[in-house]
Amino acid sequence: MGRDTIAEIITSIRNADMDRKRVVRIGSTNITESLVKILLREGFIENVRKHRENNKPFLVLTLRHRRNRRNRKRPFRNILNLKRISRPGLRIYSNYSRIPRILGGMGIVILSTSRGIMTDREAREEKIGGEILCYIW
């Protein structure tokens, strides 16, 4: 059975965010690096470092958290909400005019297009459709 690397990335980031961890370590592939670059550029993560251990490359992500200093009894609020859309068993494609807007443009949609992995805004500007990978808000 094949591995779904995008789902693994999303799940590890979501779990670390819910557990209030500041650092996440994920395996490094071309797809992973493209997704992380988008997350960094859009401000969902603070920093990315590339490491190599036992001849295997991996990325170390520093997550951004909201600090709740006034009332510590209130539940922790996650800053990242990620949802996987297209998966190996059901691919979801969209042309550029039908790419959904998340929270009226506040969130982003990450697409895999013929010109690489890009956000919904970039795809609309270039008038390119593609496979909808995930929503982030």
Side-chain angles (χ1 to χ4, degrees):
M1 194 152 202
R3 291 178 15 166
D4 187 9
T5 57
I6 298 168
E8 288 176 4
I9 296 163
I10 290 172
T11 302
S12 62
I13 292 172
R14 185 186 312 120
N15 289 343
D17 191 43
M18 286 191 305
D19 201 25
R20 298 182 190 182
K21 292 193 176 183
R22 189 117 170 105
V23 177
V24 180
R25 186 176 148 173
I26 58 175
S28 179
T29 63
N30 289 337
I31 295 172
T32 305
E33 289 181 16
S34 299
L35 280 171
V36 168
K37 282 179 188 175
I38 290 174
L39 289 174
L40 184 65
R41 188 175 62 226
E42 296 290 327
F44 289 104
I45 58 176
E46 281 185 17
N47 192 13
V48 179
R49 289 175 290 156
K50 197 170 187 177
H51 286 282
R52 187 179 272 302
E53 188 174 290
N54 295 333
N55 232 2
K56 292 184 180 179
F58 62 91
L59 299 172
V60 177
L61 311 178
T62 306
L63 300 180
R64 178 169 288 170
H65 288 296
R66 289 185 186 150
R67 291 185 177 91
N68 190 359
R69 293 183 180 170
R70 291 185 181 178
N71 189 359
R72 296 192 187 264
K73 294 181 181 178
R74 291 177 61 195
F76 180 74
R77 188 137 185 237
N78 296 343
I79 195 165
L80 278 175
N81 291 307
L82 301 111
K83 184 176 182 186
R84 176 80 158 118
I85 302 302
S86 187
R87 50 192 171 90
L90 179 65
R91 303 287 186 185
I92 306 294
Y93 296 95
S94 177
N95 62 7
Y96 77 93
S97 62
R98 292 183 184 234
I99 298 172
R101 294 184 193 274
I102 306 302
L103 294 177
M106 295 292 288
I108 62 171
V109 177
I110 297 181
L111 296 123
S112 175
T113 67
S114 60
R115 294 187 191 162
I117 295 177
M118 59 179 65
T119 65
D120 56 336
R121 284 181 232 118
E122 295 167 347
R124 281 190 200 98
E125 284 177 8
E126 295 188 25
K127 296 188 177 183
I128 300 174
E131 180 183 356
I132 300 175
L133 298 178
C134 60
Y135 298 157
I136 303 172
W137 69 97

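In this chain, numbering begins with 1 at the start of the sequence shown. Here the structure is a predicted model, which is why all the values come from computation and not from measurement.
Looking only at distances, no side-chain donor or acceptor of Arg25 sits under 3.5 Å from a matching main-chain atom of Phe58. The backbone N or O of Ala7 sits less than 3.5 Å from a side-chain atom of Thr11, completing a donor-acceptor pair.
Here the CG-NE2 distance, from Leu59 to His51, works out to 9.5 Å after rounding to the nearest 0.5 Å. Of the inter-residue distances, the one linking Ile85 atom CD1 with Arg91 atom CZ reads 13.5 Å to the nearest 0.5 angstrom. Between atom CD1 of residue Ile102 and atom OH of residue Tyr135 there is a gap of 5.0 Å, rounded to the nearest 0.5 Å. Atom CZ of Arg124 is separated from atom CE of Met118 by 12.5 Å, given to the nearest 0.5 angstrom. Here Ile6 contributes atom CD1 and Ile117 contributes atom CD1; the two are 6.0 Å apart, rounded to the nearest 0.5 Å. The line from CD1 of Ile9 to CG of Leu82 is 10.5 Å long, rounded to the nearest 0.5 Å.
Note on Leu90 and Tyr93: separate hydrophobic clusters, where clusters join Ile, Leu, Val, Met, Phe, Trp and Tyr whose side-chain heavy atoms are under 4.5 Å apart, directly or indirectly. When the side chains of ILVMFWY residues are joined at heavy-atom separations under 4.5 Å, either directly or via intervening members, Ile13 and Val23 end up in two distinct hydrophobic clusters. Cluster annotation: Val48 and Ile110 are assigned to the same hydrophobic cluster (Ile/Leu/Val/Met/Phe/Trp/Tyr, side-chain heavy-atom contacts under 4.5 Å, transitive).
For the pair Cys134 and Ile10, the tightest heavy-atom approach, listed with the atom from each and the gap, is CB-CD1, 3.6 Å. Of all the heavy atoms in Pro57 and Arg52, the pair that sits closest is CD-NH1, 3.6 Å. Across all non-hydrogen atoms, the minimal contact from Arg22 to Arg64 is NH1-CA, 4.3 Å. Of all heavy-atom pairs spanning Gly27 and Thr32, the tightest one is O-CG2, 3.2 Å.
Residues Tyr96 and Glu126 form no side-chain contact, since every pair of their non-hydrogen atoms from C-beta on lies 4.5 Å or further apart. When side chains are defined from C-beta on, Pro100 counts as touching Ile132, because their heavy atoms get closer than 4.5 Å. At a threshold of 4.5 Å between non-hydrogen side-chain atoms, the residues Ser112 and Leu133 count as touching. With a 4.5 Å cut-off on side-chain heavy atoms, Arg84 and Arg14 do not count as touching. Counting heavy atoms from C-beta outward, Lys37 and Leu40 have side chains that stay 4.5 Å or more apart. For the pair Ile108 and Ile38, the minimum side-chain heavy-atom distance is below 4.5 Å. Between Ile136 and Glu42, every side-chain heavy-atom pair lies at or beyond the 4.5 Å cut-off.
Results of the side chain to side chain contact (heavy atoms under 4.5 Å, CB included) test with Ile45 over Leu39, Asp17, Thr62 single out Leu39 as the only residue that passes. Checking Ile128, Leu111, Thr119 one by one against Ile99, the side chain to side chain contact (heavy atoms under 4.5 Å, CB included) holds for a single residue, Leu111.
Ser86 is linked by a side chain to side chain donor-acceptor pair (under 3.5 Å) to Glu131, counting only residues two or more places apart in sequence or in another chain.
Remark: Arg101 CZ is loosely packed, at most 12 non-hydrogen atoms of other residues, nucleotides or ligands lying under 6.0 Å away.
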